[in-house]
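Just the heavy atoms: all of them, side chains too, but no hydrogens, waters or symmetry mates, feed the values below. Owing to the predicted nature of the structure, the values given are computational and were not obtained by experimental measurement.
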Amino acid sequence: LLITALRDSGIYLWKQSIRLVQEADRLDLPAEAHSRNLLIIKYCSLRMKSYDYLAKSLEDNNDMGYMARFRECNEQIRQVMSQLGVKPQQ
């Protein structure tokens, strides 16, 4: 059930978020807003990757290779959040 939720609804919703940001990015916005939108798209893409790695890890009985990739991806997410000025929740 968790794997299905990650893959079907989770990744789908992150893709929808990317589409919305891309639509907003077509507007006549200041350069700073376009730069921020690119970071938001990167954040969403990393979230999709993290969901995929987590689902693969669960499918393969917590395969450590996928968990390592999941953790690396989460570190990249934290970096993007920092660039966006958002503090990750503990």
Side-chain angles (χ1 to χ4, degrees):
L1 184 62
L2 178 59
I3 295 169
T4 302
L6 288 168
R7 287 229 168 98
D8 292 348
S9 58
I11 291 175
Y12 170 79
L13 291 171
W14 286 116
K15 285 180 181 179
Q16 289 296 98
S17 296
I18 289 173
R19 284 189 199 111
L20 288 172
V21 174
Q22 287 171 332
E23 284 181 35
D25 203 46
R26 291 187 193 113
L27 301 173
D28 185 23
L29 302 170
E32 183 178 301
H34 289 293
S35 297
R36 187 168 177 81
N37 286 345
L38 288 175
L39 283 173
I40 293 169
I41 290 169
K42 182 176 181 179
Y43 172 83
C44 293
S45 297
L46 287 167
R47 282 291 181 191
M48 287 190 312
K49 282 176 68 173
S50 74
Y51 279 33
D52 188 51
Y53 289 143
L54 184 56
K56 286 178 179 176
S57 174
L58 292 170
E59 284 175 339
D60 293 344
N61 297 316
N62 293 320
D63 178 277
M64 294 310 289
Y66 289 122
M67 284 308 294
R69 291 181 193 144
F70 174 74
R71 284 190 291 278
E72 289 170 14
C73 198
N74 280 337
E75 180 54 37
Q76 292 175 352
I77 288 168
R78 282 195 248 347
Q79 290 171 6
V80 171
M81 289 176 73
S82 176
Q83 290 174 306
L84 288 166
V86 176
K87 288 186 176 182
Q89 293 182 350
Q90 298 296 328

Side-chain donor/acceptor of S82 to backbone N/O of R78, under 3.5 Å: no
Donor-acceptor contact below 3.5 Å, side chain S57 vs main chain Y53: no
ILVMFWY cluster, [X] and [Y] together (side-chain gap under 4.5 Å):
X	Y	answer
W14	L84	yes
I40	L27	no
V86	V21	yes

Minimum-distance pair of heavy atoms, taken over all atoms of [X] and [Y]:
X	Y	result
S50	C73	N-SG, 3.7 Å
Y43	V80	CB-CG1, 3.8 Å
Q83	L39	OE1-CD2, 3.5 Å
I18	S45	CD1-OG, 3.6 Å

Reported CD-to-CG distance for the pair Q22 and L38, which is rounded to 0.5 angstrom: 9.5 Å
Rounded distance (nearest 0.5 Å) linking atom CG of L6 with atom OH of Y51: 7.0 Å
Side-chain heavy atoms of N74 within contact of R47, under 4.5 Å: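 In short, these two side chains touch, coming nearer than 4.5 Å.
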Flag side-chain contact, heavy atom, 4.5 Å: D25 against I41: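 D25 does not reach I41 side chain to side chain.
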side-chain contact (heavy atoms from CB on, under 4.5 Å) assessment of L46 paired with K42: CA-CA 6 Å; L46 287 167; K42 182 176 181 179; 4.1 Å; yes
For Y66, ring-ring contact (aromatic ring centres under 6.0 Å, His included) partners two or more places apart: none
Intermediate values then yes/no, side-chain contact (heavy atoms from CB on, under 4.5 Å), M67 and R71: CA-CA 6 Å; M67 284 308 294; R71 284 190 291 278; 3.7 Å; yes
Partner residues of D8 under the side chain to side chain donor-acceptor pair (under 3.5 Å) criterion, sequence neighbours left out: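 Not a single residue meets the side chain to side chain donor-acceptor pair (under 3.5 Å) criterion with D8.
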Partner residues of K56 under the side chain to side chain donor-acceptor pair (under 3.5 Å) criterion, sequence neighbours left out: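 With sequence neighbours excluded, K56 shows a side chain to side chain donor-acceptor pair (under 3.5 Å) to D52, given in chain and number order.
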Neighbour count >12 (heavy atoms, 6.0 Å) for atom CD, E32: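 For E32, atom CD is not crowded (no more than 12 foreign heavy atoms under 6.0 Å).
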